[in-house]
Enquirer: 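Mind looking over this structure? Questions follow.
Chain naming here is simple, since letters A, B, ... match the order of the sequence lines and numbering starts at 1 in each.
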Protein chains: 2
Amino acid sequence: MPTYKAPVRDIEFLLYDVYDAETHYQKIGAEEASRDMLSAIIAEGAKFCEQVIAPLNQSGDQEGCTWSEDGVTTPTGFKEAYQQYVENGWGALASPVEHGGQGLPESVGHIISEMAGTANWSWSMYPGLSHGARATIDLHGTDEQKEVYLTKLVSGEWTGTMCLTEPHCGSDLGILKTKAEENADGSYAITGTKIFISAGEHDMAENIVHIVLARLPGAPEGTKGISLFIVPKVLPDGTRNDVKCGSIEHKMGIHGNATCVMNFDGAKGFLIGPPNKGLNCMFTFMNFARIGTAIQGVASAELSFQGALAYAKDRLAMRSLSGVKNPNGPADPIIVHPDVRRMLLTQKSFAEGGRAMIMHLSQLVDIVHSDVDAEEKKMADELLSFLTPIAKAFLTEAGLEAANLGVQVFGGHGYIQEWGMEQIVRDARISTIYEGTTGIQSLDLLGRKVLMTQGGMLKNFTKIIHKFCKEHDGAKGIKPMVKTLATLNKDWGDVTMKLGMKAMMNKEEVGGAAYDYLMYSGYITLGYYWARMAMEAQNKIAAGEKDGFYKAKLDTARFYFDRILPRAEGHKLAMLNGLDTLMAMSEEEFQYL
Amino acid sequence: MPTYKAPVRDIEFLLYDVYDAETHYQKIGAEEASRDMLSAIIAEGAKFCEQVIAPLNQSGDQEGCTWSEDGVTTPTGFKEAYQQYVENGWGALASPVEHGGQGLPESVGHIISEMAGTANWSWSMYPGLSHGARATIDLHGTDEQKEVYLTKLVSGEWTGTMCLTEPHCGSDLGILKTKAEENADGSYAITGTKIFISAGEHDMAENIVHIVLARLPGAPEGTKGISLFIVPKVLPDGTRNDVKCGSIEHKMGIHGNATCVMNFDGAKGFLIGPPNKGLNCMFTFMNFARIGTAIQGVASAELSFQGALAYAKDRLAMRSLSGVKNPNGPADPIIVHPDVRRMLLTQKSFAEGGRAMIMHLSQLVDIVHSDVDAEEKKMADELLSFLTPIAKAFLTEAGLEAANLGVQVFGGHGYIQEWGMEQIVRDARISTIYEGTTGIQSLDLLGRKVLMTQGGMLKNFTKIIHKFCKEHDGAKGIKPMVKTLATLNKDWGDVTMKLGMKAMMNKEEVGGAAYDYLMYSGYITLGYYWARMAMEAQNKIAAGEKDGFYKAKLDTARFYFDRILPRAEGHKLAMLNGLDTLMAMSEEEFQYL
């Protein structure tokens with residue numbers, strides 16, 4: 001298994017060189033997030049992730065979770081690590097002070113999430129999944145509900161889940177069947193089966209608070225008839241509720257996390273938020289959950305990169321084409337070979353570019369949650385809405401590619417479980433599926449975010465890129481990048497216009513173009529973050545900074561622009577070729593045996 | 001697990017509509033491969049693959065192989081299926097009559113290999129791996145060696161392996177350490193450890209014939225000092241040889257196939273071929289082994305497509321954007337959605353395009369092995385040499401992508417083992433690694449095949465495409481495809497010229513461009529096969545043929561040209577951006593923690 005080391009240097013570069021975190025935290029009234037405070041948190045978080053949970057990553061995969069009538073047992077060490085996490089206050093880090101949290105901004109929580117997720121994604125899902133339940137109750141719960149559930153969720157003594165999916169529906173929640181019937185005491189009897197419930201049952205906390213989507217009697221059909229219910233495993237009076245884990249799934253990866261079938265057999269539930277407005281309530285924090293999954297993309301790329309880099313420096317094979325580099329050995333380390341470097345740099349550019357994107361989004365989340373003026377909050381919220389599907393889909397696709405490259409760098413050894421590289425692929429594989437597949441994110445981006453706003457949300461972002469390019473037009477060292485970015489940025493608008501015209505003639509064009517549009521947008525978006533980082537690195541170098549970190553940053557940016565960004569062109573050409581060939585075939589014509 | 005059905009209709013289309021198999025088999029003197037004969041073989045082969053080995057695919061993955069001191073036990077049913085395979089003469093199908101084979105051409109064997117490999121790749125590797133040993137002995141063995149080993153290998157009573165890789169070397173065989181010291185009786189004592197030996201030990205056959213790469217005392221260093229030895233598990237006199245399986249690997253996939261660590265402890269071996277010429281001897285059939293692996297790409301794409309298609313017709317989610325398609329159900333089947341169709345058509349275009357490429361290569365193999373005139377054989381051999389790295393690397397990369405798309409079509413269910421879709425990804429993942437990684441194939445293509453022949457080998461192929469485009473310039477129905485192909489074909493030469501110029505200045509440019517060059521070449525190459533198929537389909541349609549198969553073929557070709565082929569542009573732009581950003585960083589600069 002790759003030995004995980006938290007990329008503290010890169011995180012600090014983003015915080016202070018790129019995103020001016022000190023000003024940001026002052027602006028949102030989070031002065032407590034001082035540089036000293038953050039350094040201490042990051043250092044302690046890194047230690048916890050490197051020393052406590054990373055060592056459980058491979059053993060957790062091999063051991064997996066065990067189901068019995070009495071519940072689910074998590075892999076050896078998971079429970080103890082979680083206790084330590086709770087005792088050290090990590091769960092409460094970015095939660096509101098009034099419920100026992102430390103009140104630090106979400107962006108600080110995301111830094112810890114990335115480190116924990118890279119160290120051990122399966123483990124990190126247990127605390128990670130509580131976020132949805134916590135946010136739902138915080139935003140839509142009554143004072144009483146907050147009092148009963150929130151403090152324990154914030155401390156981490158209890159964990160939470162979101163129960164959406166049913167055997168027959170995942171993306172299409174409009175057809176869900178779980179029903180909620182009112183009891184005499186004003187509570188509801190919840191009956192139905194939910195599947196794919198991550199951390200639905202486990203032995204790490206004394207109670208699990210499920211937020212369940214269900215239908216009230218006579219509710220409208222479709223998505224307008226869904227309500228939300230709090231269904232705790234243990235009721236406030238201490239009795240065990242009628243919600244049981246029927247089985248756990250055998251999955252490709254994330255074996256350390258229990259993916260549960262949850263049977264609600266007239267379980268007692270409490271309505272949260274207005275009846276039939278469940279999906280609206282959920283959308284209020286959907287962006288945040290999706291950023292949480294986008295982080296898995298960064299985590300996969302980072303962990304696989306760290307493993308592949310160590311191996312590439314160590315493994316000897318062939319001689320460099322430009323002359324022997326390791327004369328005392330029987331061959332050169334494979335890192336001398338250009339194609340191995342291409343793979344490593346692809347991983348690196350996705351991990352660091354993705355981290356830069358996540359940190360920007362995290363700051364937008366901070367702003368949305370802050371008391372800055374309404375106009376700025378609205379701007380941040382819109383930008384966040386636009387960038388979230390890109391982050392979720394593009395960064396997880398990139399993370400999966402990076403994880404596969406990590407296996408490839410190892411050659412045959414990458415395929416062997418012992419080395420831990422194939423586990424990263426298996427764990428990463430779910431990231432392009434859950435919290436909305438790449439296809440769903442693509443429709444969200446092109447349909448809802450871009451075309452439904454007549455390009456307005458896109459313009460919010462392309463204006464920022466335009467401004468950046470204008471300001472750094474003739475900038476030494478990064479000029480070619482700025483030029484390329486400016487061209488693509490203009491192109492992005494033009495392509496969108498063309499698609500919009502087509503979509504007016506035929507709505508299906510949106511679905512036909514959506515995936516390629518998302519990937520195209522993703523490559524350009526990451527290009528923007530790389531250009532920003534390159535600009536800061538160049539400034540440091542120009543100011544005489546000798547730290548090789550800045551040169552490496554600039555080199556990686558150039559690599560991204562030279563060798564990765566050209567893929568945008570392929571996606572553009574594909575989507576502009578339109579829908580016809582997708583729809584030409586009848587169902588029957590797909591296969592002749 | 002997807003229920004496998006052999007794509008017999010597609011195979012027959014390729015044989016008779018596209019490649020004129022009757023003329024081909026007459027030309028190479030294989031008149032016995034008549035249409036009736038082939039139909040019978042394909043039908044029987046399909047039955048065996050669908051009914052006997054496909055049902056063992058998922059159970060074999062779950063059960064895996066078991067190691068003990070006494071040997072390796074294969075999954076339940078594998079041994080019995082293999083006995084049936086041997087008894088029915090499948091192993092002997094395309095082997096020489098003089099050693100008990102049926103003497104049918106290799107191309108017929110490849111058709112069965114694809115069907116068996118799609119039904120159960122792990123199982124199919126046991127007979128598949130014998131090919132290398134059989135070919136080595138056939139081409140380089142003494143008459144005595146042929147008598148002792150070949151008949152049993154041909155019948156399948158014995159299986160064979162190729163023992164190349166050692167713990168410290170895979171791609172770089174020049175540094176291998178296994179040694180061979182001459183015994184008094186003229187045999188050799190082989191000592192060393194070989195790893196990743198597929199089917200190195202198992203319970204399916206009474207003897208296993210290892211072909212082992214080792215060094216004679218005082219042999220030159222590097223690849224020029226490697227010799228080949230036959231090392232049978234059981235010696236001709238019936239005694240057990242000192243070769244033991246030390247352990248089996250725990251792998252990401254192909255669990256049904258035993259990947260063995262083989263310890264040679266002074267094992268008795270017999271030199272085959274001239275001393276120190278082992279690698280040359282191996283190259284004589286390397287192309288064939290690589291085509292065998294290229295077939296895994298087609299198999300992965302086909303099996304995953306079959307599974308995803310069935311699911312997409314069955315699973316209901318959302319309504320079609322252009323109006324309800326399934327008014328009696330709660331939602332439409334997901335095959336109505338353009339993005340689901342994009343995924344299915346990508347799989348289909350890779351499976352069928354890849355099959356067309358493999359069949360062309362198989363016919364070239366037939367010609368090389370036949371008694372046609374020397375000039376034609378030379379042409380076929382050169383074309384085969386050029387196309388093989390493309391087939392091996394591009395088709396396995398495409399197969400892995402297709403397998404991942406199959407998981408994606410299933411959504412969350414794709415991640416669950418029970419459905420069998422994630423197994424296809426795990427099994428496919430090795431295909432871009434073994435028999436020479438994608439990186440190694442890329443260097444072989446651009447370095448050895450293209451640039452070392454001053455573009456000669458490329459021209460052999462681009463001339464064929466040029467001729468095709470010229471002949472079908474104004475062809476109704478396929479005109480836009482022909483035009484695109486002609487442009488790309490010219491482009492291919494131009495791009496190659498540019499890379500050649502760069503490589504003259506700096507050899508490393510070859511390594512820097514190789515991967516993108518291979519993928520670029522792969523997309524164009526598959527474009528050629530799709531255009532050929534489209535042309536034949538269009539001819540049938542023009543002749544009044546109503547079979548929907550032809551329309552579907554034409555539609556899939558158009559999809560490939562519209563939506564997949566544009567990726568070639570991205571690879572082209574990336575490779576032309578050159579080497580600089582790959583080499584800019586020192587080893588140390590890759591990571592700052």
Enquirer: Under 4.5 Å from any heavy atom of chain A, what part of B:E569 do you find: side chain, backbone, both or neither?
Expert: side chain
Enquirer: Provide the closest heavy-atom pair for A:L518 versus A:S442 in the form atom of the first, atom of the second, distance.
Expert: CB-OG, 3.5 Å
Enquirer: Sort out for me which of B:G414, B:P338, B:G570 touches chain A most, counting heavy-atom pairs under 4.5 Å.
Expert: B:P338
Enquirer: Within a strict 4.5 Å, meaning less than it, do heavy atoms of the A:K572 and A:D516 side chains meet?
Expert: no
Enquirer: Based on non-hydrogen pairs under 4.5 Å, which of A:L443, A:V510, A:T432, A:T556 is most in contact with chain B?
Expert: A:T432
Enquirer: Side chain from CB out, backbone as N, CA, C, O: work out which of these in A:Q306 comes under 4.5 Å of a heavy atom of chain B, or both, or neither.
Expert: both
Enquirer: Would you mind telling me which of A:L573, A:L173, A:D562 has the largest number of heavy-atom pairs within less than 4.5 Å of chain B?
Expert: A:D562
Enquirer: Do B:R429 and A:N404 have side chains that get closer than 4.5 Å, going by heavy atoms?
Expert: yes
Enquirer: Quick one: sort the A:F549 and B:Y592 rings into parallel, tilted or perpendicular, breaks at 30° and 60°.
Expert: perpendicular
Enquirer: Can you tell which of A:T438, A:D580, A:T437, A:D339 has the highest number of heavy-atom pairs within less than 4.5 Å of chain B?
Expert: A:D339
Enquirer: Between chain A and each of B:L554, B:V407, B:D10, count heavy-atom pairs under 4.5 Å; write down the option with the most.
Expert: B:V407
Enquirer: Between B:M252, B:R9, B:K551, B:E12, who has the most heavy-atom pairs with chain A when the cutoff is under 4.5 Å?
Expert: B:M252
Enquirer: If I measure from the heavy atoms of chain A, does B:I195 come under 4.5 Å with its side chain, its backbone, both, or neither?
Expert: side chain
Enquirer: Could you pull out the closest heavy-atom pair between B:T581 and A:R563, with the gap in Å?
Expert: OG1-CG, 3.9 Å
Enquirer: Taking NZ in B:K507 as the centre, count heavy atoms belonging to other residues, nucleotides or ligands within less than 6.0 Å. Is the count above 12?
Expert: no
Enquirer: Using a 4.5 Å cut-off on heavy atoms from C-beta on, say whether the side chain of A:I416 contacts that of A:F410.
Expert: no
Enquirer: Does a side-chain heavy-atom distance below 4.5 Å link A:Q408 with B:I433?
Expert: yes
Enquirer: Identify which of A:G222, A:G411, A:A514, A:G174 forms the greatest number of heavy-atom pairs closer than 4.5 Å to chain B.
Expert: A:G411
Enquirer: Which atoms of A:P333 come close to chain B, meaning under 4.5 Å heavy atom to heavy atom: side chain ones, backbone ones, both, or neither?
Expert: side chain
Enquirer: Side chain, backbone, both or neither: which part of A:H337 has an atom under 4.5 Å from a heavy atom of chain B?
Expert: neither
Enquirer: Relative to chain A, which segment of B:I335 carries a heavy atom at a distance below 4.5 Å: side chain, backbone, both, or neither?
Expert: side chain
Enquirer: Under a 4.0 Å N-O cut-off, is there an ion pair linking A:R567 with A:E397?
Expert: no
Enquirer: Heavy-atom pairs under 4.5 Å with chain A - which of B:L345, B:D547, B:I564 has more of them than the others?
Expert: B:L345
Enquirer: Is the number of heavy atoms from other residues, nucleotides or ligands under 6.0 Å of B:E587 CD greater than 12?
Expert: yes
Enquirer: Which one, B:F561, B:Y434, B:W419, B:F305, leads in non-hydrogen pairs under 4.5 Å with chain A?
Expert: B:F305
Enquirer: Would you mind checking which part of A:I175 comes under 4.5 Å of any heavy atom in chain B, side chain (CB onward), backbone (N, CA, C, O), both or neither?
Expert: side chain
Enquirer: Between B:K348 and chain A, which part of the residue has a heavy atom less than 4.5 Å away: side chain, backbone, both or neither?
Expert: side chain
Enquirer: Considering only heavy atoms, which portion of A:L309 lies under 4.5 Å from any heavy atom of chain B: side chain, backbone, both, or neither?
Expert: side chain
Enquirer: Counting N and O atoms only, with roles assigned by atom type, does the side chain of A:E589 sit under 3.5 Å from a partner on the main chain of B:A552, one being a donor and the other an acceptor?
Expert: no
Enquirer: I'd like to check the side-chain contact (heavy atoms from CB on, under 4.5 Å) partners of A:A6; sequence neighbours left out, ordered by chain and number.
Expert: A:Y4, A:V8, A:A46, A:E50, A:M115
Enquirer: For the candidates B:R315, B:Q423, B:R558, which exhibits the highest count of non-hydrogen atom pairs separated by less than 4.5 Å from chain A?
Expert: B:R315
Enquirer: Return the orientation label for the A:Y523 and A:H571 ring planes: parallel under 30°, perpendicular over 60°, tilted otherwise.
Expert: parallel
Enquirer: Between A:T259 and chain B, which part of the residue has a heavy atom less than 4.5 Å away: side chain, backbone, both or neither?
Expert: neither
Enquirer: Could you tell me which portion of B:T165 (side chain, backbone, both or neither) has an atom closer than 4.5 angstrom to a non-hydrogen atom of chain A?
Expert: neither
Enquirer: Where does A:I440 contact chain B at under 4.5 Å (heavy atoms): side chain, backbone, both or neither?
Expert: side chain
Enquirer: Identify which part of B:L593 has an atom lying under 4.5 Å from any heavy atom of chain A, answering side chain, backbone, both or neither.
Expert: both
Enquirer: Let me know if B:E221 has heavy atoms under 4.5 Å from chain A in its side chain, its backbone, both or neither.
Expert: neither
Enquirer: Salt bridge check: are B:E422 and A:R426 linked by an N-O gap of less than 4.0 Å?
Expert: no
Enquirer: Could you tell me which portion of A:A584 (side chain, backbone, both or neither) has an atom closer than 4.5 angstrom to a non-hydrogen atom of chain B?
Expert: both
